[in-house]
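Beneath this line is the structure, given in structure tokens, with notes to follow.
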Amino acid sequence: MSTVLDSIVAGVREDLAQRQDRVSLSDLERRVSDLPGALDAEALLRADGLSLIAEVKRASPSKGALAEIADPAALADIYAAAGATAISVLTEQRRFGGSLDDLDAVRAAVRVPVLRKDFMVTDYQIWEARAHGADIVLLIVASLTDAELVRMHTLAQDLGMTALVEVHDEGETQRAVDAGARVIGVNARNLKTLEIHPDTFSRLVPLIPPGIVTVAESGIRGADDAAMYAAQGAEAVLVGETLVRGDDPAAEVRAIIDAGSAARLGLSTGAAFGTPSPSADSTPSGAS
Ligand SMILES: O=C(O)c1ccccc1NCC(=O)[C@H](O)[C@H](O)COP(=O)(O)O
């Protein structure tokens, strides 16, 4: 049976074919050779406190339109000035309303690492990400074979980038580790059903060997959730909807980092650590 992820990837492949007709791989390679090297995102994510990857996200399959974001560069600048370690930019067009133009705009605006958030299924997209200034690429284990995962991870590293290798279950976590992932994102969202399972991180984190940076992704509603994941061992969190829908993204960024960092340092912030927050549920987000 076809899943949400399958249908997203099918659209990504169609759009990709059109870009490949317009821009050759050798054009991308030339562009990459003219660029300064990528920032070392892996090192920056290994901070003492909780690192935040703040996302520029206009829409999503689970929630539809989220925020207009007329100026993605300005939003990214707000995130970075408030302390975000890295900026995630969705470049998938059909379901998320993103583009490579957004990536270019954000890259030009901030000095922190930039993640190209898309559904990567070919080496071409990795070259494309670097050519547009990305320092990090997302590799979703569920949409790659082992051979593709290893090859694309190696290519990202060869281009000086950090790969955020995303998992949602035990088998994918083992595959990520076996592929040599240095940064693993545990997505609480099941990309096949869109359900959010807040206990996914605590279930999978014991399977991730020490030394690999751990990132908790999706469904994080604010400081309490960030503190919960930090207390469970997350070194970073990736947050989209909460930041783009809130009235004051700078304050939200600071609150998430402060609460998460306090939890990582073992300080009590009053949050209910170790248990999923009451705000997070396991119903499909689109149903709410
Ligand atoms: O966000 C979705 O609905 C979605 C659906 C299918 C595939 C991927 C999807 N999101 C990509 C992401 O990983 C999130 O944008 C990211 O983790 C931030 O999530 P959130 O804070 O819940 O916006």
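If you read the sequence from its start, that first residue is 1, and numbering goes on from there. Counting convention: from 1, in listed order, for ligands and their atoms alike.
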Worksheet item: Mind checking what residues have non-hydrogen atoms under 4.0 angstrom from ligand 1?
Response: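 Ligand 1 pocket, heavy atoms under 4.0 Å: Ile8, Glu55, Lys57, Ser60, Pro61, Ser62, Phe96, Lys117, Phe119, Asn187, Arg189, Leu191, Leu194, Glu217, Ser218, Gly219, Leu238, Val239, Gly240, Glu241.
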
Fill in: Between Asp104 and His132: side-chain donor-acceptor atoms closer than 3.5 Å
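Asp104 vs His132: donor-acceptor pair found between side chains.
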
Item to complete: Could you note down all residue pairs passing salt bridge (Lys or Arg N to Asp or Glu O under 4.0 Å) where residues 136-151 supplies at least one of them, sequence neighbours left out?
Response: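 For residues 136-151: Asp123-Arg151, Asp146-Arg175.
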
Worksheet entry | Residues forming a ring-ring contact (aromatic ring centres under 6.0 Å, His included) with Tyr79, sequence neighbours excluded |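 Tyr79 satisfies ring-ring contact (aromatic ring centres under 6.0 Å, His included) with no residue once adjacent residues are dropped.
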
Discussion item. Is it the case that the side chain of Gln125 and the backbone of Val121 share a donor-acceptor pair, with hydrogens and angles ignored and the cut-off at 3.5 Å?
Written reply: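 Pair found, side chain donor or acceptor close to backbone of Val121.
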
Fill in: Residues forming a side chain to side chain donor-acceptor pair (under 3.5 Å) with Asp178, sequence neighbours excluded
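Scan of Asp178 (side chain to side chain donor-acceptor pair (under 3.5 Å), adjacent residues dropped) gives Gln174.
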
Worksheet item: Are Arg94 and Asp15 within salt-bridge range, i.e. N to O under 4.0 Å?
Response: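 Yes, this pair counts.
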
